[in-house]
Structures are given as structure tokens and as C-alpha cells.
There are 2 protein chains.
Amino acid sequence: MNSFKALRKEELKQMSDNKKTKIIKKGDVIFKEGERLSGVFCVRNGISKLSKMSDNGRDQIVKLAQKGEVLGQRSVIASETANLSATALEDMEVCFIPKNHIEEPLQTNPVFTNAVLKHMAQDLKYADDIIVNMAQKTVRQRLAEVLMYLEDNFGLDGEGYLYLQLSRADIADVVGTATELLIRTLTKFKKESLVSTSGKRIKIEDKKALYNIVEGL
Amino acid sequence: MNSFKALRKEELKQMSDNKKTKIIKKGDVIFKEGERLSGVFCVRNGISKLSKMSDNGRDQIVKLAQKGEVLGQRSVIASETANLSATALEDMEVCFIPKNHIEEPLQTNPVFTNAVLKHMAQDLKYADDIIVNMAQKTVRQRLAEVLMYLEDNFGLDGEGYLYLQLSRADIADVVGTATELLIRTLTKFKKESLVSTSGKRIKIEDKKALYNIVEGL
DNA sequence: CGATCCGTTGATCAACATCAATTTTTGTGG
DNA sequence: CCACAAAAATTGATGTTGATCAACGGATCG
């Protein structure tokens, strides 16, 4: 998963000598689109959203990042300002790595560079898939897919509810729709016994049926 | 643009000794999603579409690639089957480069690897932007954006029409809608004197107004 | 010169956005 | 722990946008 495993020992040492661990509270912004980043943020704990404001004023969540993922890497590699904003969805622990500690091994350590490259190739594939989904699928299909994604990637709590408790507005921003329609679609799922809720918590009751919805059946 | 400029002379020589130039006719498929690629295709001439079939059976065009761009690179780097299909929109000339001639310099030539990495970072940024557009903008906004994209990237013919003559169905597959709605939206643009047409050819008459539409005004 | 593909239009229904209003939950100071 | 303000969740009503099916003319190509 993490490209840093490809670093040499002395590179890792130098990095950990310079890393600063930050505690970030739920709701706080790690960086905003348009900012010039002086390094990357490695997620030690907690989950963050990567989002971008559309011209029409609505936020779109492009990716959810958890432990082990690196934020801001693309911008540092491309020497550009951030294209996305990163916001904590839970209390987080991240460590900041100055960009020169990324750039240098990129020049000198091919194993590291290749690991980063493969990781980005994965991200690009996922992004292409999301484009197709956004363009071609209904809100109903996309919500079904997002719910399964949340279960598969962030797991369940002790009672079988999705571990990651997103607000309805955040789920809507992942699906790419208005909060009201998101809620209505979720309500339909409840009536069809595909999911159940307890407060803001959501439990998937019939994963197979959700899967069929994604496939358009 | 092209990462191959970062290759050493001997690497380029070895590559050109092994490259096979192929002529591909308009409409022909270069590779299909799901295929395992044994190398990459460098576009020498002509334009191709990269598309993916959605579960609901409709094609989505994710990218248009022209001279100098490399097709299949992501799949080869990630050692995966192709995520997208590549189809010629015009008669094309491509050269095939076996994957070992890509993989080897990736291991040994950091300058090349970094060039590829930066290129992919760009692709990823564009992909994220498209996700936001698909999720948040109307067909009208997206069509306006696509028309300007076609002008900016592929230019005009001698009479001021868009050089790249896509079929209505292909434009619809870029925008992410049905052909009928695409045509209706284009007809509205004509009535508002934003564009004009001659046969399948399209001319942008009021670029600034199109830009305002994209911005949601 | 017919067959086929492409472009276009009409009609209809479903999906989605938006505004308004109400209820519920949450956070916070006393 | 309670009260109260603020934020979030929910529902209704309404208008717009988009998908789909059907039909038809015109171009294209063997």
C-alpha cells in the first residue's frame, strides 16, 4: 500500500527525524485547493475527505483517505498548487513530511519512484471508473455503490453498522447529488429492506440486492 | 509532453530498433478493456478515443489522445489488464513498443521515471476535475466545456470549424448523455447563436458566452 | 439502388434540483 | 443535568432536466 516502504533505511531515518506529527480535529481543514504545499501529509490515524468545489458552489468528494495514505503527493510531484482540499472526517493524527524529503528519493531511489508511480496508476484507474459512474449511473446506483464501498473499505462497528459515520451531506457529496435526494433515496432503500438506520448510523441488510442495483438490474 | 524525451540515446535506439509502426483505420480498435497489453502504443498521427463501457451498456469517453500521447501506459505500469478501450477516430499511425522496453528504463533511468510520474500526476488531476464536472454540472454546461476543449486542443479547420469532426454519438459519449439530448442541447446553442453548424461540422461563434455557461451563469 | 447508419424531432415518463417548512439531534453554557 | 441555540435530518411541493422510445429524412456506401 504505502510507497514509503520502498525507502532505504537512511532515507527513512532522515524523514522521521524531520517529521512533525500533527493532531487534527474532526472538521478541520488540512489543506485547501489552491494552496501551495510545502510537503505531504501521511495519515497515521483517522479518515479524511478529499474534495473540490465546483463552479456552481457545491462540493464534490473525490476520495476518502485513511491510515497509510499520503495526502498532497500529487501536487508536490507535479509542483502545482493543490487541486483538492483535505478535511478531517474524524479526529486525525498526521505527520508532515517536507517536500524535499520526497523529491530527493524520487531522483535517486528508483524503487521508491516506481512504488509511487504504481500507486498513482491505481488512483488514475479508480478515477476513470468514477468518471464513468458519475456520467452514466443514477443516484440510486451510485448510492448503492458508495454504501458497499464504505463497508468494504472502512468496515463495521460492533453492531454491524458502517464504521465510518458520514453526515448525510457528506454522503451526498460523495454520490454527487443534493442532500435531500440522498435522503429520499436512502429512505427508499430502507423501505425495500436493503438498509436500516439508527440515528445517523447505517447498516447494510441486503448486500446482494445492493450489488444488483449497482449493476442496473 | 512526451516522457520519451527523457530517455537516453541508447535506450531510444533500442526502442526504435524494436518499434513496429502500425496503420490503423478510422473506427478500428487499438485495444479493448480487459485485454492484457504486451506493450504501449505511441500515437504518431491521428486521434483516438479512450472509453469504457458502463454496466448499463453505454460507452463513456474518458479521454481523447493525439500525436505524442502514449496509450496503454497505465496498464503496463500497473501490470493490469486495460481499464479502457482505445479506438481510432481518424486514420492513425501508431508505433508499438513492447513492454520490456518500458519497464527496463523505469528501473534504471530515474529521469524517465520522473517524467512518466509527472505526466500521470497531470492525468490524475484532469480526471479529478472531470469527476467534479460529471457529478455537479448539467449537460448544457458540460457540452459548452467540451466544445471549448475541442477548439483549444485540436484547433480549427480552414473555415473556422472545429478540426476534429466527432459524430454526435461520440460527443454525447464525451459529455455523458444520450445522443438525442446532446443534439437538442446543441440545437439550443444554435438558436442562441453560440455555435453554428455545417453538416456535422461545428463552429463556435461566441466563446465568451460558452465560458459563462460553463461557469454556471 | 437498396440497405444501413446518422442526424433530427416529437412525445412521454422518470430522475433530479430547489425552495420551504418542520422535526430531530447535537453542542454548549449555566 | 437542563435549557436553549444551532446544526442536521427529514418531508412536501413544484419545476426543470434528462432518458427513452418511436418515427422519419438524408447521407453514405457497397
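Letters go in sequence order (proteins before strands), and every chain restarts at 1.
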- Task: Take atom OH of B:Tyr211 as the centre, draw a 6.0 Å sphere, and report whether it contains more than 12 heavy atoms from other residues, nucleotides or ligands.
- Result: no
- Query: Would the number of heavy atoms belonging to other residues, nucleotides or ligands and lying under 6.0 Å from CZ of A:Arg168 be above 12?
  - Reply: yes
- From D:dG18, D:dT10, C:dT8, pick the nucleotide closest to the side chain of B:Arg168? C:dT8
- Item | Exercise: identify the closest heavy-atom pair between A:Val214 and A:Gln141 | O-NE2, 3.3 Å
- Sequence-distant partners of A:Phe4, ring-ring contact (aromatic ring centres under 6.0 Å, His included), two or more places apart: none
- Starting at atom CD1 of A:Ile171, determine the distance to atom P of D:dT10, rounded to an integer number of angstrom. 10 Å
- Message: If you compare all heavy atoms of A:Lys26 against all heavy atoms of A:Asp91, which two are closest, and at what distance to 0.1 Å?
- Response: N-OD1, 2.8 Å
- Atom pair NZ (B:Lys67) and CD1 (B:Ile47), whose distance is rounded to the nearest 0.5 Å: 10.0 Å
- Query: C:dA14 P sits how many Å from A:Lys188 NZ, rounded?
  - Reply: 11 Å
- Message: Measure CG/B:Leu182 against P/C:dT9 and give the value in whole Å, please.
- Response: 13 Å
- Item | Interatomic distance, A:Ile183 CD1 vs D:dA8 P [rounded to whole Å] | 12 Å
- Task: Have a look at the helix from C:dC1-D:dG30 to C:dG30-D:dC1 and give the angle its two end axes make, five pairs each, rounded to 10 degrees.
- Result: 50°
- How many Å lie between NZ on B:Lys26 and C1' on C:dC6, as a whole number? 12 Å
- Query: In whole angstroms, how far is the C1' atom of C:dG7 from the CD atom of B:Gln165?
  - Reply: 14 Å
- Rounding to 0.5 Å, atoms CG (A:Leu124) and CG (A:Asp129) come to a distance of 9.5 Å
- B:Asp173 CG - D:dA19 P separation (whole Å): 12 Å
- Note: B:Arg201-B:Asp157 ion pair, threshold 4.0 Å (strictly below): yes
- Item | A:Asp170/A:Lys49 ion pair, N-O < 4.0 Å | yes
- Note on the structure: With B for base contact, S for sugar-phosphate-only contact and - for none (protein heavy atoms under 4.0 Å), nucleotides 23-30 of chain D reads --------
- Nearest-nucleotide pick for B:Thr187, side chain only, options being C:dT9, C:dA17, D:dA9: C:dT9
N/O-N/O pairs, protein side and nucleotides 18-25 of chain C side, under 3.5 Å:
residue: C:dT18; atom: OP2; partner: A:Arg58; partner atom: NH1; Å: 3.2
residue: C:dT18; atom: O4; partner: A:Arg184; partner atom: NH2; Å: 3.0
residue: C:dC19; atom: N4; partner: A:Glu180; partner atom: OE2; Å: 3.2

- Task: Quick one: list whatever passes side-chain contact (heavy atoms from CB on, under 4.5 Å) with B:Ala78, sequence neighbours left out.
- Result: A:Ala121, A:Gln122, B:Arg74, B:Glu80
- Applying ring-ring contact (aromatic ring centres under 6.0 Å, His included), name anything that partners B:Phe41, two or more places apart in sequence or on another chain. B:Phe31, B:Phe96
- Task: Rounded to the nearest angstrom, tell me the gap between atom CD in B:Gln141 and atom P in D:dT16.
- Result: 17 Å
- Could you tell me whether B:Arg58 atom CZ has more than 12 heavy atoms of other residues or ligands within 6.0 Å of it? yes
- Message: Taking the nucleotide of DNA chain C with the nearest heavy atom to each, does A:Gly176 or A:Lys200 sit closer to the 5' end?
- Response: A:Gly176
- Query: Quick one: is A:Thr179 getting a side-chain N or O under 4.0 Å of the D:dA9 phosphate, OP1 or OP2?
  - Reply: no
